[in-house]
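Since the structure comes first, as structure tokens, the remarks are kept for the end.
Numbers for residues simply follow the sequence, beginning at 1. Quick caveat, the model's predicted, so the values are computed rather than measured.
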Amino acid sequence: MNLKPSNASSGQTKARGLRRQGFRRTAIGLVVPILILLVWQWIGQSAAMAGLVPTPVQVARAWYVWIFGKPGMGLNPYQGTWLANVQYSSWRVLQGFLLAMLFGIPLGLSIGWSRLISQMLDPLIQGLRPIPITAWLPFSIALFGIRDMGSIFLIFLGGFYAIVVNTTQGARDVDRNLVRAALMMGARPAHMLHRVVLPAAMPSIFTGLRIGLGISWTAVIVSEMVAVKSGLGYVLWDAYYVGRMDIVLADMVSIGLMGFVSDRLIVWIEHHVLAWRMLQNH
């Protein structure tokens, strides 16, 4: 008599175990946010903070109207305009971040792999990298004016340095045994970058992408406060100017949410691209 469980039953058991683990991770991850909300609600209801710090309930109400309200009703700019502003900011981040990837990854691979290119370009990049995004604002406005391109330029700078630095480090840390093995098998130096160095540097590249994407969201908010007249950054500054702190906090939560979602997207792509590495580690 065969007492071994069937493949179907073992698969179901494994699926139930994975669901329990997922539920446990979600529950643990919600503990601290719930505690923060409770403390925030308590502080917001205190007499000392009355009118200064909106409670989570007040922020949620304002956020709901901002998302689901009918635009144009009562000339309220914070009614039904959330999705449009999220789209403006997301599109700018996407454009600037893609440009940062387009230039940052090849340049980082070249600097990390070639001593000559490193000597030529690395000092320049390391010299420009400490300049904060806010310092580039006057230059951006003078060059591009109050237009989207100025915001995209600042987003590009924000993501570029994180990507190029992490890619450079990944290319420099390539196992030399892999290089020797490839040369022994007849690989030409011209093919070494994209067939050996690039795959080996991918973990560092994705680290740079995640850091760069986070900085890109910071850059878009800074740029929209000054360089353009739409998006989450513009709403943040405008709401502060008119004293709508509930919208300010709802905007901050929106920015964090969009940053989190985009980061999870990068992680999902990383898991699929680097599936070979995860199998290798197990």
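No donor-acceptor distance shorter than 3.5 angstrom exists from the side chain of Ser151 to the backbone of Asp148, with no hydrogens or angles considered. In this structure, Ser118 contributes its side chain and Ser114 its backbone to no donor-acceptor pair below 3.5 Å. A donor-acceptor pair is defined here as one N or O able to donate and one able to accept, closer than 3.5 Å; no such pair exists between the side chain of Glu270 and the backbone of Phe206. The closest donor-acceptor contact from the side chain of Asp251 to the backbone of Ile247 lies at 3.5 Å or more, if one exists at all. No donor-acceptor pair under 3.5 Å is formed between the side chain of Arg172 and the backbone N or O of Gln169. In this structure, Ser140 contributes its side chain and Gly150 its backbone to a donor-acceptor pair below 3.5 Å.
To the nearest 0.5 Å, atom OH of residue Tyr241 and atom CG of residue Leu236 are 15.5 Å apart. The CG atom of Leu198 sits 8.0 Å away from the CD1 atom of Ile105 when rounded to the nearest 0.5 Å. Atom CE of Met149 is separated from atom CG of Leu154 by 10.0 Å, given to the nearest 0.5 angstrom. Interatomic distance, Tyr240 OH to Met225 CE, rounded to the nearest 0.5 Å: 10.5 Å. Atom OG1 of Thr218 sits about 9.0 Å away from atom CD1 of Ile255, to the nearest 0.5 Å. Taking CD1 from Ile163 and OG1 from Thr207, the interatomic distance works out to 11.5 Å, rounded to the nearest 0.5 Å.
Under the 4.5 Å side-chain heavy-atom criterion for grouping Ile, Leu, Val, Met, Phe, Trp and Tyr, Ile133 is not connected to Val228 through any hydrophobic cluster. Hydrophobic cluster membership is shared by Val242 and Val248, with clusters built from Ile, Leu, Val, Met, Phe, Trp and Tyr side chains linked at under 4.5 angstrom. Using a 4.5 Å cut-off between side-chain heavy atoms of Ile, Leu, Val, Met, Phe, Trp and Tyr, with links allowed through other members, Val93 and Trp268 fall into the same hydrophobic cluster. A continuous path of Ile, Leu, Val, Met, Phe, Trp and Tyr side chains, each step under 4.5 Å between heavy atoms, connects Leu124 with Val164, placing both in one hydrophobic cluster. Hydrophobic clustering, with ILVMFWY side chains joined whenever heavy atoms are under 4.5 angstrom apart, keeps Val65 apart from Met245.
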Test side chain to side chain contact (heavy atoms under 4.5 Å, CB included) on Ile205 and Asn166; report intermediate values, then the result. CA-CA 6 Å; Ile205 292 174; Asn166 280 274; over 6 Å; no
Passes side chain to side chain contact (heavy atoms under 4.5 Å, CB included), Leu265 versus Leu213? Steps please. CA-CA 11 Å; Leu265 178 60; Leu213 186 57; over 6 Å; no
Run the numbers on Gln126 and Val165 for side chain to side chain contact (heavy atoms under 4.5 Å, CB included), then give the verdict. CA-CA 9 Å; Gln126 299 306 325; Val165 169; 4.0 Å; yes
Derivation and outcome, side chain to side chain contact (heavy atoms under 4.5 Å, CB included), residues Val267 and Arg210: CA-CA 8 Å; Val267 171; Arg210 293 183 65 187; 3.5 Å; yes
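Screening Ile152, Ile215, Leu209, Leu102 for a side chain to side chain contact (heavy atoms under 4.5 Å, CB included) with Phe97, the sole residue that qualifies is Leu209.
Side-chain contact, Trp40 with Thr55: no donor N or O sits under 3.5 Å from an acceptor N or O. No side-chain donor-acceptor contact under 3.5 Å links Arg61 and Gln58. The closest side-chain donor-acceptor pair between Tyr78 and Asp246, if any, does not fall under 3.5 angstrom. Ser254 and Trp63 form a side-chain donor-acceptor contact under 3.5 Å, judged by distance and modelled atom types alone.
Heavy-atom minimum distance, Ala200 versus Val174: CB-CG2, 3.9 Å. Taking every heavy atom of both residues into account, Ala100 and Gly159 meet most closely at CB-C, 3.8 Å. Closest heavy-atom contact between Gly69 and Gln79: CA-CG, 3.7 Å. Annotation for Ser89 and Trp217: closest pair CB-CZ3, 4.1 Å, computed over non-hydrogen atoms. Smallest separation of non-hydrogen atoms from Ala162 and Ile211: CB-CG2, 3.8 Å. In terms of heavy atoms, Leu157 sits closest to Tyr161 at O-CD1, 3.2 Å.
Looking at Val235 and Trp66, their side chains come closer than 4.5 Å, going by heavy atoms from C-beta outward. Counting heavy atoms from C-beta on, the side chains of Val86 and Met258 come closer than 4.5 Å. Taking the side chain as every heavy atom from C-beta outward, Leu121 and Leu107 approach each other to under 4.5 Å. A heavy-atom distance below 4.5 Å is found between the side chains of Phe103 and Phe156. Contact check for Trp113 versus Leu109: no side-chain heavy atoms found under the 4.5 Å cut-off. The side-chain heavy atoms of Val273 and Met202, taken from C-beta on, include a pair separated by under 4.5 Å. A heavy-atom distance below 4.5 Å is not found between the side chains of Thr167 and Ser204.
Shown here is Arg24, whose CZ atom has no more than 12 heavy atoms of other residues, nucleotides or ligands within 6.0 Å.
Residues meeting the side chain to side chain contact (heavy atoms under 4.5 Å, CB included) test with Val226, sequence neighbours left out: Leu137, Ile141.
A salt bridge links Glu224 to Arg92: at least one charged side-chain nitrogen sits closer than 4.0 Å to a carboxylate oxygen.
Ring pair Phe153/Trp136 is perpendicular by interplanar angle, where above 60° counts as perpendicular and below 30° as parallel.
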